Amino acid sequence: MTAPKMRLMHGPFSPFVRKVMVSAIEKGMLDQIEVVPTAVGAGKTNEELIMINPTGKIPTLVTPQGMAVYDSTVIVEYLDQVHPDVRLIPTDPAQRLRTLRMNATADGLIQAGVLVRTELSREAAKQWPEYLNQQWNKVRHCLRVLNEDIAASGERITLGEIAAAAALGWVDVRLSEENWRAQNPVLGQWFDRFAKRPSMVQSAPPAA
Ligand SMILES: N[C@@H](CCC(=O)N[C@@H](CS)C(=O)NCC(=O)O)C(=O)O
């Protein structure tokens, strides 16, 4: 009998889902996960999802024992617990802190970027320029810090690098007007290499 799988509530365009997918592939765990296409969208509650994850967001992972695990960072922590041989969140305190901080910077980049896109989607007269400017500043400072972190990082792949790559993949598609490589050349070169990894290629969003 085959072992029951984890179920991953998934959307192909979500950078947070991509973090989990890249992590699962890097850990060799993809065959333990059933991908469940899950619709989430502005202004519409997914009633089934919100019953198991009160934030109503993807990714959400349901363990074989039936526990809902969220958000993306906690899911990767769970994957590390299930398969500790290839850890993506190190146990060494200094490395762990560095990894989790980088992960937070990458998540913050996406969050500020989403607010930029939301603001830009309003008609021009209804936009709040100071707010837009504030969010663009966050995007640019997150990129600056990721550039510094990558310049200082070794060869090891952790959740920090995976989160950065998922965020940069999203920036390239959703904030394509931002020429971030010019300001952050180390990060740009690193990402262009990292994006060729099978885990990144396999988890790439479909072409629009
Ligand atoms: N902190 C969460 C963020 C997840 C997130 O924002 N997911 C988006 C898709 S990219 C979502 O589900 N949005 C639907 C909503 O907010 O209602 C994580 O790391 O998993």
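Start at 1 and go down the list; that is how both ligands and their atoms are numbered. Residue numbers count from 1 along this sequence. Since we're looking at a predicted model, the values are computed, not measured.
Within 6.0 Å of CD in Glu48 there are 12 or fewer heavy atoms belonging to other residues, nucleotides or ligands. At most 12 heavy atoms of other shown residues, nucleotides or ligands fall within 6.0 angstrom of atom CD in Gln183.
Side chains of Trp190 and Asn147: no donor on one and acceptor on the other come within 3.5 Å.
The CH2 atom of Trp136 sits 4.5 Å away from atom CG of Leu175, with the distance rounded to the nearest 0.5 Å.
Each of Ser14, Pro15, Phe16, Val40, Gly56, Lys57, Ile58, Pro59, Asp71, Ser72 has a non-hydrogen atom positioned under 4.0 Å from some atom of ligand 1.
Taking the charged nitrogens against the carboxylate oxygens, Asp80 and Lys27 do have a contact shorter than 4.0 Å, which makes a salt bridge.
Annotation: salt bridge (Lys or Arg N to Asp or Glu O under 4.0 Å) contacts of Arg117 (sequence neighbours excluded): none.
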